[in-house]
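Structure record follows, encoded as structure tokens.
If you read the sequence from its start, that first residue is 1, and numbering goes on from there.
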Amino acid sequence: MPAHAAEPVAEERLANPLTAPVEGLDEALAAVEAFDRVLVTGLLRPPPARVADLAEFARAVAGSPLAGRTAEAVEKAAAGAAGEDHLVALAAARTALLGAAHSALTARADESTGRTRGTATAAAPEQREAVNLLLAARSWLADLARTGWRGIDHELVGSAAQIVSAMLPDPALRRLATLLDGFAAELAASCPGAGQDRVPARRWGDLWARALLLTRPGAAVSSPTVLVTGRLLPLGVDLHEHATAAQAQVHAVFEPADGGAPRLVRASVSVPKPDTVVAAGVWQLLRPHLALLTALGEGRSMHLTDMPLTEEGDLIWDQERARAGEPADAFATARVALPTATASPTAPLDRHPARLAEPVFLEGYAARQDGDSPLTFDFPGHSLAVDTDRVPAAGPLTPEAVAASGACIGLLRWDDGAFHVQPLAVETTVRKKAVVLQAGAWAGGTTDKTGARAEKTATDAVTVLRERAGRLLRT
């Protein structure tokens with residue numbers, strides 16, 4: 001991304017990679033969509049149109065190492081005779097196509113920013129896995145594929161509950177158990193499948209394929225970690241809020257104390273929440289578990305000592321290994337440290353276009369919005385769409401502030417066939433005064449009237465719920 005408006009070379013470098021077509025991308029995604037149409041109707045007795053979709057899917061991986069097994073699996077599936085191993089092969093081929101799409105898009109993002117990226121190493125599988133539970137989960141997922149999303153009912157979906165309950169106590173299976181639990185809950189909310197007006201085929205296909213691959217012994221691997229010491233410079237926070245859960249993911253630049261190359265890292269925290277806690281109120285649920293949120297809200301760096309860091313760039317946060325540092329301006333970090341930071345590789349099973357979220361710095365643009373069309377940042381010779389729908393209500397950053405901004409820290413994402421940017425912070429003018437507005441500005445607490453009111457409402461709601469829970473436990 002262009003670091004300064006006076007650098008036309010950087011701006012020109014941005015234009016081509018993000019706007020030029022990616023060879024083979026449309027074909028790969030079309031093949032995935034074809035397979036997802038098959039999952040909608042089911043594999044028990046696929047009609048001729050779905051058999052044609054299976055053939056298209058097989059052709060998409062014909063030149064890959066998966067070609068032979070995929071062709072065999074497609075042949076069996078077309079005849080309504082696919083076994084569990086055949087379904088695993090189909091899930092692997094689907095995942096490989098989306099992984100290839102992710103890799104191509106990531107390469108384009110790296111080309112546009114001039115960023116270098118580390119390489120992944122093979123990770124060791126978990127030591128202990130209950131094979132019988134993996135087989136039970138695979139059997140349930142196979143039944144889903146044979147039935148199809150239009151054929152699901154409460155009996156079929158509910159049969160996952162016993163499997164999930166048996167898996168949850170085992171740490172080695174908890175990742176798969178959590179995925180199955182959430183997947184089954186989504187399916188249950190849509191039962192019976194025959195009555196659905198619209199099927200989220202891509203999402204359910206993603207969840208189905210990922211879960212099926214995780215039933216393979218050795219598929220659940222722990223990312224290699226190292227202990228790092230140095231300075232952490234926050235860039236911004238990506239907040240995800242749902243009715244019963246919230247997650248904050250802080251993107252930052254880590255500068256090793258030994259003088260090594262800076263690298264892009266993330267630190268995340270997830271918590272359950274009552275559905276009555278919304279907007280700025282979620283920060284008080286997240287804040288106690290991640291001191292980095294307070295540092296971000298206060299505009300400070302953090303000093304880390306022997307903090308575990310995965311190969312994919314995720315900090316395994318330990319409050320005892322971090323302490324608040326000196327003031328650190330996010331835009332100074334974006335201008336000086338971000339351009340030299342190395343990005344981390346993505347784990348094989350995590351490669352998916354929706355996963356792309358690359359921190360970038362933009363300036364020298366003109367914001368434009370025509371009628372009801374999305375906001376766009378116009379650069380000389382090209383434009384970049386802005387996803388203001390992702391701006392959370394839990395901070396002072398607003399779509400209007402983004403539209404009036406002159407510089408932006410954001411996440412470069414890809415969706416609906418194009419790259420776009422999700423704003424995390426902007427430099428703008430309010431009442432003729434230059435200000436910085438961060439999506440996470442209230443993460444460490446706020447005196448802002450709106451934010452303080454939301455925090456008080458959340459405090460009252462949590463207090464009431466705790467009192468009710470206490471009374472239940474005493475009865």
Side-chain angles (χ1 to χ4, degrees), residues 35-36 38-46 66 69-70 72-74 76-77 79-96 98 123-194 199-222 245 347-350 352:
F35 182 72
D36 289 346
V38 176
L39 288 180
V40 172
T41 57
L43 287 163
L44 194 58
R45 287 182 292 273
L66 295 171
R69 297 197 65 177
T70 303
E72 177 187 349
V74 162
K76 293 291 186 180
E84 291 179 6
D85 287 343
H86 298 122
L87 296 177
V88 171
L90 294 174
R94 184 186 184 280
T95 302
L98 288 170
E126 299 291 347
Q127 295 298 314
R128 182 174 61 85
E129 291 177 320
V131 176
N132 59 327
L133 291 176
L134 294 178
L135 291 174
R138 191 183 311 164
S139 177
W140 179 71
L141 292 163
D143 287 343
L144 287 179
R146 295 187 182 104
T147 302
W149 309 134
R150 289 293 186 193
I152 59 173
D153 56 28
H154 286 290
E155 182 179 358
L156 172 59
V157 173
S159 61
Q162 187 174 357
I163 302 170
V164 171
S165 296
M167 282 184 167
L168 282 173
D170 188 343
L173 298 176
R174 202 163 290 157
R175 178 184 182 188
L176 175 58
T178 303
L179 174 56
L180 292 176
D181 190 34
F183 187 22
E186 285 194 25
L187 295 176
S190 299
C191 283
V199 174
R202 172 64 64 82
R203 175 170 174 78
W204 286 357
D206 287 343
L207 296 174
W208 176 83
R210 186 179 182 87
L212 195 55
L213 293 181
L214 287 176
T215 66
R216 294 284 297 174
V221 296
S222 298
L349 285 184
D350 291 337
H352 190 292

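Annotation: side chain of Leu135 is not in contact with side chain of Thr215 (no heavy-atom distance under 4.5 Å). Within the 4.5 Å cutoff, the side chain of Pro46 has no heavy atoms near those of the Thr41 side chain.
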Would Leu176 and Leu180 satisfy side-chain contact (heavy atoms from CB on, under 4.5 Å), going step by step from the backbone distance to the final call?
CA-CA 6 Å; Leu176 175 58; Leu180 292 176; 3.9 Å; yes
What verdict does the salt bridge (charged side-chain N to carboxylate O under 4.0 Å, His left out) test give for Asp350 and Arg210, after you've listed the backbone C-alpha separation in whole Å, the side-chain angles of each residue and the deciding distance to 0.1 Å?
CA-CA 9 Å; Asp350 291 337; Arg210 186 179 182 87; 2.7 Å; yes
side-chain contact (heavy atoms from CB on, under 4.5 Å) between Val199 and Asp36: does it pass, once the steps are laid out?
CA-CA 10 Å; Val199 174; Asp36 289 346; over 6 Å; no
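Listed here is the closest heavy atom pair of Ala166 and Pro169: O-CD, 3.4 Å. Residues Leu133 and Met167 approach most closely at O-CE, 3.4 Å, considering heavy atoms. Taking both residues in full, the closest heavy atoms of Ala184 and Val157 are given as O-CG1, 3.2 Å, listed atom of the first, atom of the second, then distance. The two atoms that bring Leu43 and Ala77 nearest to each other are CD2-CB, 3.8 Å, heavy atoms only. Between Thr95 and Ala209, the closest heavy-atom pair is OG1-CB, 4.0 Å. Closest of all the heavy-atom pairs between Leu39 and Gly205 is CD1-CA, 4.1 Å.
With rounding to the nearest 0.5 Å, the separation of CH2 in Trp204 from CG in Leu144 is 10.0 Å. Summarising the geometry, atom SG belonging to Cys191 is positioned 4.0 Å from atom CD1 belonging to Ile152; distances are rounded to the nearest 0.5 Å. To the nearest 0.5 Å, the span separating CG on Leu173 from CG on Leu168 amounts to 9.5 Å.
A salt bridge is defined here as a Lys NZ or Arg NE, NH1 or NH2 lying under 4.0 Å from an Asp or Glu carboxylate O, and Arg146 with Asp143 meets this definition.
Using modelled atom types, no side-chain atom of Arg150 and backbone atom of Val40 make a donor-acceptor pair closer than 3.5 Å. Judged by distance alone, the side chain of Ser159 and the main-chain N or O of Leu156 form a donor-acceptor pair under 3.5 Å. Looking at Arg138, its side chain never comes within 3.5 Å of a backbone N or O of Leu212 through a donor-acceptor pair.
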Check: residues 79-91 side-chain donor-acceptor pairs under 3.5 Å, at least two apart:
unit_1	atom_1	unit_2	atom_2	d
His86	ND1	Gly83	N	3.0
His86	NE2	Glu72	OE2	3.4

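Sequence neighbours left out, not one pair with a member in residues 152-177 passes ring pair (Phe, Tyr, Trp, His ring centres under 6.0 Å).
Other residues, nucleotides and ligands contribute at most 12 non-hydrogen atoms within 6.0 Å of the CZ atom of Arg45. More than 12 non-hydrogen atoms from other residues, nucleotides or ligands lie less than 6.0 angstrom from CZ of Arg174. More than 12 non-hydrogen atoms from other residues, nucleotides or ligands lie less than 6.0 angstrom from CD of Glu186.
Taking the six-membered ring for Trp and thresholds of 30 and 60 degrees, Trp208 and Phe35 have ring planes inclined between 30 and 60 degrees apart.
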